[in-house]
Number of protein chains: 2
Amino acid sequence: MDVFEAIAEPSRRELLDLLAERERPAGELVARLDRLTQPAVSRHLRILREVGLVEVRPDGQRRIYALRADRLIEIENWISRYRKYWPRHLDALEQHLSRTQEESPE
Amino acid sequence: MDVFEAIAEPSRRELLDLLAERERPAGELVARLDRLTQPAVSRHLRILREVGLVEVRPDGQRRIYALRADRLIEIENWISRYRKYWPRHLDALEQHLSRTQEESPE
DNA sequence: AGGAAGTATTACAGGAGGCGTATATACAGT
DNA sequence: ACTGTATATACGCCTCCTGTAATACTTCCT
């Protein structure tokens, strides 16, 4: 499975969204995706792990999952070739600029 | 099928890449994806049509397919929330800037 | 009208992916 | 050691996707 297929699944995108806020133990992710059973979530996490979109760190009997967003660059690169084709691409770009300036004070 | 699933398929990304260069009749696309049969390509085109990523225009017995890249904004928007998490996001952004300035003289 | 070219649709088979239930594994606390 | 908690794996089922082959539809040309 590649990154494109990995993010094609809505539940997996939801997991990534949750991990974008902060890292979380698996159980917390299971609690949030309450329409799915624990094994289902665990399997989605495995897939995200396999494509490198998340990292796991053991913490006692827990597993702490964390986002590794840089694997999304593959998609970013593919999609960037198309930006010039949609009408107001400069607007989107400017929005991005102001957004990153606000939110990443590093 | 949504846009995320549509672009998860490598052949469909290849079709979009070909249509990004210029619009093309279906037969030309079939010729380019010579690992697939004509019906297979035709169905991929149908899916791309259904999610709005391409448009069709009849030209006699031909069908001319054209890209509608603005439907990719959905993915762009989702992924933009993650850009701040990968290290050198400004580099990628600057690359994009110079690239679009070179390539879109409109 | 009839045949050829271009494209779409249908029918069918194979395979992959997702889900839940049940089970296994690992660690923690007593 | 035993028990409970946290997570992962195994298995069976079902659905959906993809591919090919065959067929239908439409337009063009003579």
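Note on naming: letters A, B, ... go to the chains in the order of the sequence lines (proteins, then strands), and numbering restarts at 1 for each one.
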Salt-bridge contact A:Arg46-A:Glu50 (side-chain N to carboxylate O under 4.0 Å): yes
Any side-chain donor near an acceptor of the partner, B:Tyr82 and A:Asp70, under 3.5 Å: no
B:Leu36 CG - C:dT7 P separation (whole Å): 16 Å
A:Arg24 NZ/CZ over A:Tyr65 ring centroid, <6.0 Å and within 45° of normal: no
B:Leu15 CG to D:dT18 P, straight-line distance once rounded to whole Å: 12 Å
Separation of C:dT9 C1' from B:Ile47 CD1 (nearest whole Å): 13 Å
Check: B:Asp59 side chain, B:Arg62 main-chain N or O, donor-acceptor pair, under 3.5 Å: no
Residue pair B:Phe4, A:Phe4: steps toward the side chain to side chain contact (heavy atoms under 4.5 Å, CB included) verdict: CA-CA 8 Å; B:Phe4 283 89; A:Phe4 284 90; over 6 Å; no
Check: B:Ser80 side chain, B:Asn77 main-chain N or O, donor-acceptor pair, under 3.5 Å: yes
side-chain N/O B:Thr37 vs D:dG19 OP1/OP2, d < 4.0 Å: no
Side-chain donor/acceptor of B:Arg63 to backbone N/O of B:Pro25, under 3.5 Å: no
Side-chain (A:Arg13) to main-chain (A:Ile7) donor-acceptor, under 3.5 angstrom: yes
4.5 Å side-chain heavy-atom contact, A:Trp78 and B:Leu72: yes
Inter-axis angle, terminal five-pair segments of the helix from C:dA1-D:dT30 to C:dT30-D:dA1 [nearest 10°]: 20°
Under-4.0 Å side-chain N/O to phosphate OP1/OP2 contact, B:His44 with D:dG19: yes
Value in whole Å for how far the C1' atom of D:dT20 lies from CG of B:Asp34: 16 Å
Contact state string [nucleotides 6-13 of chain D, B base, S sugar-phosphate only, - no protein heavy atom under 4.0 Å]: SBBBB---
Charged N-O contact under 4.0 Å between B:Glu76 and B:Arg71: no
Reference residue A:Glu14; test side-chain hydrogen bond (donor to acceptor under 3.5 Å, both in side chains); the match among A:Arg35, A:His44, A:Arg32: A:Arg35
Length of the line joining B:Arg57:CZ and D:dT26:P, which is rounded to integer Å: 21 Å
Could you go through nucleotides 13-17 of chain C and list every protein N or O atom that sits under 3.5 Å from one of its N or O atoms, giving the distance for each pair?
none

Nearest-Å distance for atom pair CZ/P, residues A:Arg13 and C:dG18: 12 Å
First encountered from the 5' end of DNA chain C, between A:Gly60 and A:Ser11: A:Ser11
